[in-house]
Amino acid sequence: MGSRHGFIYAHPDDETFLSGCLIRRLADEGEPPVLLLATRGDAGRQGLERAKNRQELAELREQEMAVAADILGIAAVEHLKWPDGQLDEVDFGTLVQGVISFIQRHEVEIVYSFAEDGGNGHRDHIAISKATTAAVLSGACPSVRKLYYANSPFIREKGLKPSIMIDTESMWPVKAAALRAHETQHVTINRTFGNLVDFPEERRWEAFVLGWQDGVLWPEREEVESQCP
Ligand SMILES: [Zn+2]
């Protein structure tokens with residue numbers, strides 16, 4: 001039995017955007033990850049072309065997520081069902097508790113989430129990043145050994161190098177299929193990844209930096225510093 005990997009994000013499709021190929025690779029290696037989403041993505045205006053209201057959109061996006069999860073080989077998807085776009089208004093302790101429960105229930109050993117800038121500055125992304133870090137540091141998740149953050153402007157400013165780099169070119173058809181599964185999001189997806197037929201060179205890498213390991217924050221940076229007395 002390999003490691004238990006847990007991905008923790010804000011919206012259905014975050015998992016595919018940032019880590020579709022990493023997830024599929026872990027699944028192929030016999031370590032299918034679990035996924036926690038803080039919202040069901042019910043605030044997206046573009047989805048309301050296809051759904052009458054937020055409730056219907058939430059159900060639709062949950063179904064799309066289930067299809068993407070099958071394509072990526074995700075073992076279980078859980079939704080905290082907090083309101084999309086308002087995650088920073090949720091009581092922080094309650095949000096953290098939801099993350100802790102998920103980690104405990106699945107005995108997650110390796111956690112992946114957004115960096116503290118949320119990658120693109122989205123307030124929901126920032127909120128779930130903070131809650132995930134707080135959960136890992138809380139002492140209530142002894143199963144966790146490593147916490148990785150998706151590469152982002154914040155990470156680059158800190159001068160931190162990713163320790164996981166996935167070249168998505170050879171697996172592009174799989175990632176494209178998972179992106180297509182998030183049908184309601186086609187406008188954002190096409191803006192980010194193009195037509196999904198041609199490989200988007202500028203989106204080649206899925207990259208994660210090690211943010212915490214066995215009680216040490218930014219362990220890689222410390223390693224680098226210790227090599228330069
Ligand atoms: Zn998102």
Side-chain angles (χ1 to χ4, degrees), residues 6-24 33-51 54 57-69 71-72 74 77-90 92 95-96 98-99 102 111-135 147-155 166 168 175-176 178-194 196 200 202-203 205-209 211:
F7 288 77
I8 301 174
Y9 291 125
H11 313 108
D13 77 12
D14 292 336
E15 79 300 325
T16 306
F17 269 66
L18 293 171
S19 46
C21 292
L22 173 58
I23 290 171
R24 183 66 255 179
V34 289
L35 172 66
L36 178 69
L37 298 173
T39 81
R40 295 193 290 174
D42 53 305
R45 262 170 309 169
Q46 52 182 308
L48 288 172
E49 299 160 0
R50 298 178 199 212
R54 283 183 75 144
L57 179 56
E59 285 162 17
L60 191 55
R61 292 199 70 182
E62 221 173 302
Q63 290 164 18
E64 291 175 349
M65 185 62 244
V67 176
I71 293 167
L72 298 178
I74 296 173
V77 182
E78 294 189 18
H79 301 263
L80 290 175
K81 303 188 180 180
W82 292 111
D84 184 3
Q86 296 158 266
L87 205 52
D88 54 358
E89 293 166 27
V90 173
F92 188 67
L95 183 58
V96 173
V99 176
F102 169 80
V111 175
Y112 306 80
S113 189
F114 297 105
E116 66 184 73
D117 61 351
N120 59 2
H122 193 302
R123 56 199 281 207
D124 288 350
H125 293 184
I126 293 170
I128 194 64
S129 168
K130 285 183 181 159
T132 300
T133 302
L147 168 60
Y148 286 100
Y149 296 115
N151 202 13
S152 75
F154 167 80
I155 298 282
I166 304 286
T168 63
K175 182 157 175 158
L179 287 167
R180 268 187 214 103
H182 291 290
E183 278 176 47
T184 55
Q185 305 308 298
H186 62 98
V187 175
T188 315
I189 288 169
N190 291 349
R191 197 164 54 217
T192 310
F193 293 98
L196 301 187
E202 69 286 1
R203 300 276 166 185
W205 299 97
E206 291 177 2
F208 286 81
V209 65

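In this text the structure is predicted, and so the values were computed from the model without any measurement. Both ligands and their constituent atoms are indexed starting at 1 by order of listing.
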- Query: Should the pair Glu64-Arg50 be classified as a salt bridge under the 4.0 Å nitrogen-to-oxygen rule?
  - Reply: no
- Task: Using a cut-off of strictly less than 2.8 Å, determine whether Asp14 has an N/O/S atom near the Zn ion (ligand 1).
- Result: yes
- Applying the ring-ring contact (aromatic ring centres under 6.0 Å, His included) test to Tyr148, which of Phe208, Phe7, Tyr112 qualifies? Tyr112
- Query: Among the N, O or S atoms that His11 has, which is closest to the Zn ion (ligand 1)?
  - Reply: ND1
- Any idea which N/O/S atom from His125 gets closest to the Zn ion (ligand 1)? NE2
- Query: Taking only residues two or more places apart in sequence or in another chain, which ones pass salt bridge (charged side-chain N to carboxylate O under 4.0 Å, His left out) with Glu15?
  - Reply: none
- Message: Among residues at least two apart in sequence or on other chains, which ones pass salt bridge (charged side-chain N to carboxylate O under 4.0 Å, His left out) with Glu116?
- Response: none
